[in-house]
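Got a structure for you, questions after.
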There are 2 protein chains.
Amino acid sequence: MSYDNAKRDSGSVMKTVIQTIHAELIAVLVAVTGSVPRVLTLADGSAFPAGPLELTHRSLQAGVRAWVERQTHHPLGYIEQLYTFADPTRGATVAGDQAERSISISYLGLTREIASGGDTVSWQNIYRYFPWEDRRSDPTLIERTIRAEMGRWVGTSAERAARVNACFGLDGSPWNEDLALSRYELLYEMGLVREAARDGQSNNGEFIPGAMMHADHRRILATALSRLRAKIKYRAIVYELMPESFSLLELQRCVEALAGQRLHKSNFRRLLASQNLLEETAHYAPGVGRPAKLFRFRAALLAERAIAGTRLPIARP
Amino acid sequence: MSYDNAKRDSGSVMKTVIQTIHAELIAVLVAVTGSVPRVLTLADGSAFPAGPLELTHRSLQAGVRAWVERQTHHPLGYIEQLYTFADPTRGATVAGDQAERSISISYLGLTREIASGGDTVSWQNIYRYFPWEDRRSDPTLIERTIRAEMGRWVGTSAERAARVNACFGLDGSPWNEDLALSRYELLYEMGLVREAARDGQSNNGEFIPGAMMHADHRRILATALSRLRAKIKYRAIVYELMPESFSLLELQRCVEALAGQRLHKSNFRRLLASQNLLEETAHYAPGVGRPAKLFRFRAALLAERAIAGTRLPIARP
DNA sequence: CTCATTTATACTCATTATGAGTATAATGGA
DNA sequence: TCCATTATACTCATAATGAGTATAAATGAG
């Protein structure tokens with residue numbers, strides 16, 4: 001095809017080294033049980049299910065499904081792609097005209113928690129890795145624990161101060177739960193998470209609380225959390241995390257678990273009502289207090305509809 | 001590392017074939033000039049700048065920058081990753097213990113249009129590929145041209161009808177500009193775009209208007225358009241597309257070009273005012289009519305802030 | 001120089017959406 | 001029976017939106 005020549009050669013001489021690339025598929029599986037958001041991990045909480053893309057895989061998604069099922073025996077429902085990154089230099093050696101390099105493609109999956117087989121397979125509380133992201137019971141953790149350490153990095157730089165304040169909702173800036181990834185990256189840059197020291201970043205003080213993970217898996221988890229928090233607001237995906245029927249409070253607890261924030265009960269219900277995604281069942285939830293009506297998601301929701309609308313001030317003709 | 005064994009071997013026997021993967025980097029460069037949104041193309045509008053990931057590339061992003069500059073001599077500003085996909089079977093042959101496979105990683109870049117070198121390098125109107133996405137002058141194009149063809153595919157299926165209506169804003173459903181990708185994919189599934197026939201999909205009628213592209217580049221462009229339309233609403237990225245200073249009407253035209261919709265002038269200005277992202281300059285734009293004040297973006301905007309807030313009804317303590 | 005034409009800005013106003021509560025209804029158990 | 005608990009229904013002030021109208025400052029034709 002003449003297109004290929006035009007495409008490859010314009011402006012420079014082509015290299016002849018053929019590069020061998022190793023593609024790794026990584027799965028972040030999230031479930032919410034009660035009020036705890038969890039991820040499925042291997043190696044006692046230090047890594048996610050992962051494995052190389054193989055010839056037998058029909059697609060990237062199929063590959064992810066295969067690896068997760070092989071390693072955890074957990075069935076997989078909804079999944080979506082998160083991010084792809086290349087390991088900057090690791091193993092970039094040349095042998096003959098072959099060079100080795102690694103690319104990681106990460107996926108986010110939503111399911112319901114099931115006791116999974118495998119010795120080291122386990123569901124871990126997401127906030128074990130990011131204690132500062134859970135502001136439901138104690139929104140002052142950042143103030144109390146890591147603000148001082150961050151202050152050391154900020155020093156007298158107004159620009160750094162502005163960045164920290166915007167990211168962590170300090171000093172008048174509002175807290176934005178979607179910025180989970182930015183916060184993790186900033187902490188890494190500051191050298192306050194253990195991974196930074198492990199990777200040879202300079203260390204600017206005491207490490208802050210939060211469990212470490214293999215390679216950059218914790219960063220991938222932060223990506224997943226950010227994506228999920230953002231998406232839950234404009235797409236009906238909590239659906240994937242809930243049982244067939246549930247009470248409104250259960251649904252609220254699920255969203256709160258992901259957002260890391262308490263929600264206003266009646267306003268949350270009003271929002272649900274306006275979205276018209278739920279329908280009543282004939283049943284009621286047992287338990288203390290007045291029994292709650294049970295709801296289910298409407299089938300019509302299958303048409304992957306956005307639940308919020310535009311923010312642009314559109315003109316009518 | 002003991003982690004690696006636990007990770008790879010749980011539940012199945014490991015394959016020994018080493019897979020050679022070819023990673024292709026693809027760049028969708030967008031600029032808006034006047035009221036026309038454009039993409040930078042090669043091969044007379046049929047493909048995007050692209051090339052394999054090489055050893056000399058420090059990162060995926062660096063690789064994209066290198067290829068774009070090599071092929072188009074166009075400087076590159078802001079870029080972000082779009083999507084990664086694996087070519088399902090093409091070239092999946094095995095030679096010895098080596099197998100060949102291709103992965104494409106696409107990027108979206110925002111710039112200002114510059115006359116670019118290279119014979120076949122050109123800026124193309126995005127709506128050349130998706131005429132139905134531009135509803136500024138004529139929102140009835142879908143009704144007039146492609147609705148009948150889609151109707152043939154829908155037949156008597158209520159589910160198909162619901163899908164088409166939700167996607168294309170027909171029959172009472174509101175038009176949602178963010179669904180550009182879903183619309184393209186649906187048209188492909190219906191066999192109404194030329195790529196579908198080329199790829200061996202069954203054809204359900206006449207092809208609809210819109211230029212074809214190499215491989216799945218048109219699908220990638222649809223991804224870029226969807227992403228850009230969605231992102232422009234909650235992130236201050238138009239910034240990258242505008243000159244140093246500009247009038248409010250110019251900014252409005254730029255957003256309209258991307259959204260494919262007319263905006264309400266005074267409400268758009270009120271929105272801008274509330275976001276506080278702009279500041280006045282001392283200058284005025286020349287031209288017919290009363291001269292417009294020129295604005296520029298505030299420097300403080302560097303702190304990559306979200307411009308919209310949460311949609312969740314948060315509870316205060 | 002005056003006025004029609006054009007584009008820029010400033011306001012207005014009804015309707016919705018949101019944040020924050022208060023009041024009332026069903027339960028099970030002491 | 002009364003109380004602790006949880007579920008639902010309303011209320012109300014304020015902010016955000018959608019849709020216009022009114023006024024200001026240029027240019028160019030006559």
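In the text below, chain A, chain B and the rest are named by the order of the sequence lines, each starting its count at 1.
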Going by ring pair (Phe, Tyr, Trp, His ring centres under 6.0 Å), name the residues that satisfy it together with A/Phe246, two or more places apart in sequence or in a different chain. A/Phe297

Please list, for nucleotides 11-17 of chain C, all pairs of protein and nucleotide N/O atoms separated by less than 3.5 Å.
none

C/dA10 P sits how many Å from B/His264 NE2, rounded?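 Whole-Å distance recorded here is 16 Å.
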
Tell me the interatomic distance from B/Arg269, atom CZ, to D/dT17, atom P, rounded to whole angstroms.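 My rounded result for the distance is 18 Å.
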
Looking at residues 283-293 of chain A, who's got a heavy atom less than 4.0 Å off DNA chain D? A/Val288, A/Gly289, A/Arg290, A/Pro291, A/Ala292, A/Lys293

Just to verify, what does B/Asn125 make a side-chain hydrogen bond (donor to acceptor under 3.5 Å, both in side chains) with, not counting sequence neighbours?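 So B/Asn125 forms no side-chain hydrogen bond (donor to acceptor under 3.5 Å, both in side chains) with any residue.
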
Listed by chain and number, what are the side-chain hydrogen bond (donor to acceptor under 3.5 Å, both in side chains) partners of A/Arg135, not counting sequence neighbours? none

In whole Å, what is the span from the CZ atom of A/Phe268 to the C1' atom of D/dA7?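 Interatomic distance, CZ of A/Phe268 to C1' of D/dA7: 15 Å.
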
Listed by chain and number, what are the side chain to side chain contact (heavy atoms under 4.5 Å, CB included) partners of B/Glu80, not counting sequence neighbours?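 Here the qualifying residues are B/Tyr78, B/Leu108, B/Arg227, B/Lys231.
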
Any salt bridge (charged side-chain N to carboxylate O under 4.0 Å, His left out) involving residues 258-269 of chain A? Give me the pairs, sequence neighbours left out, ordered by first then second residue. none

Could I get the full list of side-chain hydrogen bond (donor to acceptor under 3.5 Å, both in side chains) partners for B/Arg136, not counting sequence neighbours? B/Asp134

Rounded distance in Å - CG (B/Leu263) to P (C/dA8):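 Going from B/Leu263 (CG) to C/dA8 (P), I get 15 Å.
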
Just verifying a value: how many Å separate B/Tyr184 OH and B/Leu225 CG, rounded to the nearest 0.5 Å?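 Spacing of OH (B/Tyr184) from CG (B/Leu225) equals 13.0 Å.
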
Would you kindly give the NZ-to-P distance between B/Lys265 and C/dT9, to the nearest whole Å?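 About 8 Å, once rounded to whole Å.
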
Using whole Å, report how far CZ of A/Arg262 lies from P of C/dG19.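 So the two atoms are 18 Å apart, to the nearest Å.
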
Partner set under side-chain hydrogen bond (donor to acceptor under 3.5 Å, both in side chains) for B/Tyr127, not counting sequence neighbours: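 Listed in chain order: B/Arg229.
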
Taking CZ from A/Phe295 and P from D/dA7, how many angstroms apart are they, rounded to a whole number? 11 Å

Quickly work out the B/Leu248 CG to C/dA10 C1' distance and round it to whole Å. 13 Å

How close do B/Pro37 and B/Ala257 get, heavy atom to heavy atom, and via which atoms?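 So the minimum-distance heavy-atom pair works out to CG-O, 3.5 Å.
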
